[in-house]
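Below: the structure, in structure tokens.
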Protein chains: 2
Amino acid sequence: MPQVSRENIDPAQMSYLDGSLGYALHRAQLAVFEGILQCFAESEVTAAEFLVLVVVAENPGINQADLAKSLEVERPRIVPTLNSLEKRGLAKRTQVAEDARVRQIHLTKSGLQLVKVLQKRARDHQKRVMARLDETEAKVVLSCLWKLAARDSPAEQRVRRNGAHVRGV
Amino acid sequence: MPQVSRENIDPAQMSYLDGSLGYALHRAQLAVFEGILQCFAESEVTAAEFLVLVVVAENPGINQADLAKSLEVERPRIVPTLNSLEKRGLAKRTQVAEDARVRQIHLTKSGLQLVKVLQKRARDHQKRVMARLDETEAKVVLSCLWKLAARDSPAEQRVRRNGAHVRGV
DNA sequence: TATTGTTATACTCTATAACTATA
DNA sequence: TATAGTTATAGAGTATAACAATA
């Protein structure tokens, strides 16, 4: 078997970036997101919309401030997302008697139905890409990522407390 | 020791997202990028500029098409980046006699000097965040990420061929 | 005064199409 | 006809500041 030189394949030497954690994270995220969004394509659901659907499904009646906090985005960020979900009949905002400022968010029947389908597709996709990893890698990758995500984020605190990665895929 | 309930700490239940590879990648990338860019802050270098500096440093004389290809971005993407680097005297484009269409890119003295400093800062930062991982995790995280980045990218092909991750931090 | 939801705005990142000048 | 570099443009994603209503 003839040895194929790199220069015939790659347009450039990339030895620094090949060892760069930040660049590897960037590229991995691009690839994995592209795959997930392809799974969602026919439903016309964006990443932000999926995140909101998932959190509201697990926390029915959550208000927008807590929703933003849990996803660690700014409050204005979720307004257009919620508008879009509401317009499509997937979620609804309701006023609450005790405090006229807050809106409780719930998924509709079809919102609940959709989020179940999308979660299954995302889980299946995750299983597919995780199959590229060997046993050790698959076992540690999620805990790795949450440790790197640190910044004392709620999610990392949760993983440290509960070992969420053992839930696996 | 009293058991602290999650609800007192987190604004929402996040069990699905805690097990989501895509979300973990997203959050890890945000945190790691934020850290790296803080290391670069005083130099006013963006992520895109750093990538170009690094690739040109390793591939002096590369043209813009190959540079874009190696970073897997579209050709127009690097034009403003190169303009910025050139304006600051960090890189320069030169015409080549054999083909009047192509521009060869080189770093200037101060560009070379800067990229060395930034690479050291990025490597130090990487060492710091990798210190949160245990031994096994640190050993496999880069190979994990490049496998997930797959899509038959040049970088993943390189890692598969050369095992670039053993270069470690 | 502080908080919830909202609007307006701007900045970054990225892709596409089309142009120019060469080949 | 194809390629290198460029321009113009548009669309995501995100953050900030400020506002109205309410507490």
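Lettering of chains follows the sequences in order, A, B, ..., and the numbering in each one begins at 1. Just so you know, these numbers come straight off a predicted model, no measurement behind them.
Residue-to-nucleotide proximity on DNA chain D shows that, of A:Ala47 and A:Arg75, the 5′-proximal contact is made by A:Ala47. Between B:Pro80 and A:Ala48, the residue anchored nearer the 5' end of DNA chain D, judged by the nucleotide with its closest heavy atom, is B:Pro80.
Between D:dT3 and B:Arg101, no contact under 4.0 Å exists linking OP1 or OP2 to a side-chain N or O. In this model, the phosphate group of D:dT6 is approached by a side-chain N or O of B:Arg93 to a distance below 4.0 Å at OP1 or OP2.
Residues A:His125 and A:Val32 meet the side-chain proximity criterion, which asks for heavy atoms closer than 4.5 Å. Looking at B:Leu142 and B:Gln126, their side chains come closer than 4.5 Å, going by heavy atoms from C-beta outward.
The aromatic rings of A:Phe50 and B:Tyr16 lie perpendicular to each other, with more than 60° between the two planes, well past the 30° mark.
At whole-Å resolution of the value, CG in B:Leu37 and P in C:dC13 are 8 Å apart. One can place CD1 of A:Ile78 at 13 Å from P of D:dA15, the figure rounded to the nearest angstrom. When the C1' atom of D:dA15 is taken as reference, atom NZ of A:Lys69 falls 18 Å away, rounded to whole Å. Rounded to a whole Å, the CG atom of B:Leu30 is 13 Å from the P atom of C:dC13. Taking atom CD of residue A:Glu98 and atom P of nucleotide D:dA21, one finds them 22 Å apart after rounding to whole Å. For B:Glu49 and C:dC13, the CD to P distance is 9 Å, given to the nearest whole Å. Atoms CG (B:Asn63) and C1' (C:dA21) sit 16 Å apart, rounded to a whole Å. Remark: C1' of D:dT14 and CG of A:Leu71 are 14 Å apart, rounded to the nearest angstrom.
With C:dT6, C:dT22, C:dT14 as the candidates, the nucleotide lying closest to the side chain of B:Ala100 is C:dT22. Distances were taken from every side-chain heavy atom of A:Glu74 (C-beta onward) to each of C:dA15, C:dT22, D:dA15; the shortest belongs to D:dA15. Nearest to the side chain of B:Gln64, among C:dC13, D:dA23, D:dT6, sits D:dT6. When each of C:dG5, C:dA17, D:dT16 is scored by its nearest atom to the side-chain atoms of A:Pro76, the top-ranked nucleotide is D:dT16.
A donor-acceptor contact shorter than 3.5 Å links the side chain of A:Ser110 to the backbone of A:Gly89.
Within the nucleic acid shown, B:Arg77 comes within 4.0 Å of at least one base atom, counting heavy atoms only.
Taken to the nearest 0.5 Å, the SG atom of A:Cys144 stands 11.5 Å off from the CZ atom of B:Arg132.
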